[in-house]
Structure formats: C-alpha cells, structure tokens
Amino acid sequence: MSDNKKKVFLVDDDKMFLTMLSDQLEGLGKYTVSTFATGEECLDKLSANPDVIVLDYYLDSAVPGALNGMEILKRIKTTSPDLKVVMLSSQEHYGVALQTIAKGALYYVIKDNQAFGEIERLLEEIA
Amino acid sequence: MKIAPDTLADLFQRMDLFESIPQTVLFKLAAHSKIKRIPADGVVFHKNDVGNALFVILEGHVKVHDDDYVVTKQSAGSFFGELALLDEGPRSLSVSAVGETTLAVISRTEFYSVLEDYPSVMQLVVSQLTRRLRLQTDKLVDQLRRREEELTRLVDERTAEVVHQKEEAERQRAQAEAEKREAEFQRQRAEQSERFKQQFLANMSHELRTPMHAVMGMTSILLQKGPREDQMRYLESIIRSSKSLLVILNEILDISKIEAGKMELEHTDLNIERIVEQVVNTLAYRADEKGIELVTECDPALPPVLIGDPVRLQQILLNLTGNAIKFTEKGNVTLIARPESIADGSCRIFFALRDTGIGMSPAQLEVVFESFRQASSDTTRKYGGTGLGLSISKHLVELFGGELRVKSTKGEGSEFSFVIDLPVSANTRIADQEEVSQQMLDALSGTRILIAEDNYYNRIVATETLELRIPGVQIDAAENGQEAVEKCDSGIYDLVLMDVHMPVMDGLEATRRIRETHPELPILALTASVIKAEVQKCLDCGMSGWIPKPFRDIEFFGAIYDVLHNDGTAAKKAPALPEPSNDRQESGLQFLESLTGGNRERIRKYIGLYLESMRSALPLIEATRDAGDAERLHRHIHTLKPQFRMVGLGDTAELAARIEENLKAGIVPKVLTADIDRLLEDARRSEADFEKYLATS
C-alpha cells in the first residue's frame, strides 16, 4: 500500500451537498472519497472495503424508486456489520435519528452548514 | 550327545560351505568338531562375548539378534559365528536357539588346520559375512530412517501444537479486541443518544413554548371579547393552567440545558436591591394569602451596580423565596442580601432565605437538591411543583461560582444560603431600559399603526400587545406587502410594522414603494432573522429600524418609542445580535466563502450545482403540487432545504421546513399553495440573483 489514506464513501442524491462534502474531505488530503448518487451503487462497491460510509437518509429524488438510506443501512449491516456508517439527513427529527442509530449507524448528522465540520471531526475520530 | 564322525561328515558334505571339500577332509573335520545341543531359547553366545569357533546348524533354528532386534534367522545347513575365524574379538551380535537346536562347533584352530588348503571355504565364509553385514547395515539404515520419521512426526506434531497455541492466542487477542471495539461502539452510541436527548430537549423548547404562547395569547384575546361570566372563569382557568404549565416546562428545559452544559450566564449590569424588590413584588401576594410576613434585609452597603446575570440571580431568589413561602404556614420568610467583603473590584455577597416553616429531617436534607426529588411524595400532592426548582437553583448558584447550602430543623424552619463573587461595575447607575415605563407608553397614546404581517398568529399577538399597553392605539392590518402599500396611500399612519417575508410582495419591496411617496414615514422591520446582513438589507431599502421576532416588550415598545419620539438611532442598532457562529443560518455566501476559504472557483461550482438543482427541482415541485402528490412534493422540498441553507437562504430553508412539516402532518398540498408559491418565488429570485453573480463575479 503506497498511501494510507482512509477510504470514505459518500452516498447522497443531493449533488450539490455531495460535491461540496467530497471536495471538502478530499481537500484534507487524508481521505480517498468515492461518491454515489444512490445506495444501490454504493452496495455494489462494498467489496472495495471503505473505512467509513456517509449515507443520506432520502435517496430517491434523482432516481425515483431508489432505496432509502435506512434500507441501505440495513443491507450494509447485514453483509458488513462492522462497517462504520454515519447517517446524514436534513431531517431534524429525534425519532429518525434514533431509528438509524438503533439500526447500527454510528452517528447522525444533520445536513446543514455545520455538517461539514461535524463530519470532518467524526471522520477524524472514527476512520 | 554324540554323532558319529562319518554321519557328521555326510551332513557337512551336503552344505554349500563344504561343497568342494573331499570326503576325507570332511571326515577329519567332523572328527575334530564338537556337538552342542541348545534347548529352546537357549543362548549360543552373547554379543560382546569373546569366541573362537564357527557353528554349523545340524538341526533346528537360531536367531541372530541385537537384544530384541532380530537381524536374521538361520536354519539347519547354515553356519554362523564365522567372524571368529577372522578376528578373535568380541561377538558383534547375540545368537539364540529358536526351538531345540543341535550345533556342530568347529574351533578356529581346527578349521584352519583342516581347511588350510581350501581357500574356497574362506571365500564363502567371507561372502556370508559380507551379506550379513550388509543386512545388518540395511536394518540399521532402516532403523535410522524410521527413527528420523518418528522424529519428523514428533516435530510436526509439536509444531502443529505450537501453531495451534499461537492461533488460539491470536483468536483470544482478536476476541478481546472485538470486545473492546464493541464496548467503544456502545460507549459512542450511548454518548450519541445522550447528545440526541439533549438536542431533542433543546428543540422541544421551541416546539412546546410556541403552542403554549399561542394558547395563552388566544385566551387573553378571548378574554377581551366580553365573554359571559362562566366563560370568563373557564378562560381564566386556562390562563392559570397554561402559566403553571409554562413554569414547569421552563424548569424542565432549564435542567436539561444545565445537564447538557449549555446554560451560560450573562454578564450585564445588575442591581441587587432591585432584583430583591422584584422578587418581593412577585411573591408578596402569596405570602399575604397565607398570612406570612415576607421580610427583606438588603444591606445598603451593597455596591449599586454589579456585573452578572440578573435574570438567573432573580430566578434563584424567586425559587428559594417561593419554596420558603410554600412550606411555611405561619411566622415569616426573610430574604437577606449583604456584602461580606469588597476587594479588587469584586464584591463577595451573602444571600440567605430563612423561614419558620415545616423544616426538614437530616434524611430529607440529604436529597433536597436532587432533580425531581421532593421531601416526600406527600409534598408533591400537598405543595405541587416539579421538584426541579431547587436542583436548578443549586446548579445556577454553581454557575455563579458559589455553593447552595441548607440548614434545617424539623418543625422549626430552614435556611438556604449561598455566597457568590460579582465584579463591581464601572457604571454607577443601571441603564433604565429593562422595563417599559408607563411614561413611554403614555407618550405613544393615540398612535396609528399599520401592521403588515402574513402570519395570522403573529399579527394577532402584535395587535394584542399594542392594544393592551398603549392607551388609545389604533391598529390596522395588511396581509402582504401589496396591501400595505395600498393602505399607506391614505397617509393616516404614524408607523408601519413590516414583516420582511410575505407573499405577493415582500416587506423590502413594499418599503421601497412606500418610500417613493412617504419618505419620512417610520417603518420598522419585523424579522425573525437577527443576522447583521439581513438587518442591513432592511435598513438599505429604507426601513427606519427593526424589531426581532418573537417580540420582547422592551425591544418592541423601545423601538417604537425610539423612532417616534427619539432620534431613531437606537432602533437601527443591533443591540442583541448574536454571533453568527452559533447560528444555524448564515446569510448570503458567507457560508460558502468560509467553507472554501474564499475560493472563487469552488463557490462558482457550487452555485452552478445549486442552479442545476433548482432548474430540475422547481418544475417537479410545481408538478407534484398541481398533482396533489404530497409524498413526492415533500421529498423534493426536503432535498432542497439544505441547499437553501448552503447558499444563505436561511428563511427559505425555514419555509421549506415548515411546508415539509405540514405535508407530513397530512395537510394536502392545495392548502399550502401560498407557502409553496412563496418558496418557488424565493427560489426563482435566488436563481436570478445567482445567475447575475456568476455573470459578474
């Protein structure tokens, strides 16, 4: 292994957020970032052994009928129970957050201006 | 035993060994041989015995062996011990009879004397010797190989065992590691859920208080509408219940804030005497009701102006005094405040509350400061309350750097006290702006005010607040900017209160229009945003000042008084602007600028993505709105919400969140058309703005 950058997968149907977050993390020079517009694409690439997956809650705005983050989370946890998943959502609801944590997500980050800093800090801690 | 020499010679002659030897010679040899009979298992000779004879087997079998290891077996007609013919040394192997065996023993001397002239015999002897040595060597090699195999097997086994042990150790280490990871994971999860709990409680503050205020606001409006006597009693009861609910609510929120470490004290000028006075004013009637005397001992030596958090200090004293009154049936409650020392610009103050109430037992004293604890479950029934007040007071005193102490004797009364240090302020008197003075309100009497605000509830609250406090005030309302512009044409208003975000025409545009004909008319912005840039936008379009929502009396009336009767500079200032760092919204492209470190290229790229997203999402929002597809509409709006935030459209993001909430609550899109249209309008305006930005930046 020539470089020991951590592999981070970002899954979000919001292209703007996805691009911004990806640029931001790549800019830190510590992560190799792969982006996916749907959870299904991400599931296909799980064999690449990412260190962390940052997964949005709703994923069907660009591809109608795409599975939502909760479902993707469940599938990830079935095949790779130890894989670290950070959930992302603009859903400020406590219940939703709790549900994702119960299903094995490590953190729940609300998608707003502070999300970037929060995710950087989280990755620093868990990746 | 005896065998005749001619019989023995006959036997010799049949042996290979003596094949070419003449009968006479064999007869001679037989005559010199001895016959030896060995019983079964009897030993002929042992290894290392010294021997000098050759043995010829006449009858039976022998085994040539090395201890238990049998090198070879020989039967009648064969011979052994031939080595003794060559070398009179020790025997290399042992020989024993297998069954009963008869041997002819030919001594070395006899053998050579008789067979001296027949070297072929010697050759045969040597060749047998060689064969036997080879046999013996082969056996040894075989033995060595087997020994080596055995060793290899042992080594393999041992290696396997070591590998197994190593694997086991590795497995145990991995398991310990996994357990450690699991524990860490659980810890993180627990922390996370604790954070959510706090976040949840903090969010509840808004979500619970807002409807409570609505209930109270609406109820007080109904009270003004001349209700019947019985209705009046119900309404008053609603108000009372709401107030106590709000008290409980605030206490729960306070304690959660404290536990989350989010409670912070203000540092402003305060006057202790005034705080004590307000506590007494608030609670005097309750003491009166119970026939208790409420006494204050406020030392005049206290510096007039100290620096601290007046609201929280008052909260502590209110709680302690309220408790003292609650638990005292007769006698008095005394509130004491006196300086203990003043040095280095700091004053050490002693506060105490003494009562002649029911007091507490030592056991009750131990738990008195715990959250949700009351002296007994009876207490709750008899005296009410959440049991949080003292716990909150204790924490607040700690935030002030003091410690809340209690002394009590059951049946005689209690004393709660604490000592805190507060800096002495450089000011000698406190700025008189905490309360709206009656003088100020009187000066506003008869004012004609237009309220332009699209939110029904905010409109009612503003109207109500003004009508209740300002004598003879005349209020008119407009539901959007357009209506406000039209109403202002009449020229009858002294003041316009203008919401910034309204459908049809927003407050900024309305202000610009009104300014064309009424350059002097005071217009105050009503804005939920307290961001400098937002406020600046209001001032830039010609507004005279601003009032933050939700309204606080002092800011509300202060700003109105300022623009009507002062020079109006105070209303333009941003007295309570919080730092944007702590705010979830930032305005304009500040966020993108700070995120990218001002990288133009990246900002342009993100704006491009924002525009791209709007271009595809806005028609979808329109389509789903028209189709009444609440679920898809919700999803599209949900996706846009963070994007609005990123580009600084905080209010639009809030509007999106509100629509989302309503859709989730089951309200059909049709009912929300006005809001959705406003959202689209905001988004389209932003598209235009950002296209301009991309063209010029």
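This is a predicted model, so every value here is computed, not measured. Atoms considered below: every heavy atom in the structure, side chains included; atoms not considered: hydrogens, waters and symmetry mates.
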One option among A/D13, A/D56, A/D14 has the most heavy-atom pairs under 4.5 Å with chain B, and it is A/D14
On a heavy-atom basis, the closest approach of B/R602 and A/M20 is NH2-O, 4.3 Å
Are side-chain heavy atoms of B/Q188 and A/E125 found at a separation under 4.5 Å?
yes
Smallest heavy-atom separation, A/S89 atom then B/H638 atom, equals OG-NE2, 4.1 Å
Side-chain heavy-atom pair B/Y610, A/K15 within 4.5 angstrom cut-off: no
Distance col, row B/T639:OG1 vs A/F17:CZ, nearest 0.5 angstrom, shows 12.5 Å
Okay, A/D60 and chain B: the region with an atom under 4.5 Å from a heavy atom over there is both
The interface call for B/S613 against chain A, heavy-atom contacts under 4.5 Å, is neither
Practice problem: Kindly indicate whether the side chain of A/T19, heavy atoms from C-beta on, has any atom under 4.5 Å from the side chain of B/Y606. | Solution: yes
| request: Decide if atom CD of B/E631 counts as having more than 12 heavy atoms of other residues, nucleotides or ligands within a radius under 6.0 Å. | output: no
Scored by heavy-atom pairs under 4.5 Å with chain A, the best of B/E182, B/H636, B/K605 is B/K605
The interface call for B/L595 against chain A, heavy-atom contacts under 4.5 Å, is both
Check for a donor-acceptor pair, side chain of B/R181 on one end and backbone N or O of A/D82 on the other, with a separation under 3.5 Å.
no
Scored by heavy-atom pairs under 4.5 Å with chain A, the best of B/L620, B/L609, B/L640 is B/L609
If one checks every heavy atom of B/E184 against chain A at 4.5 Å, the contacting part turns out to be neither
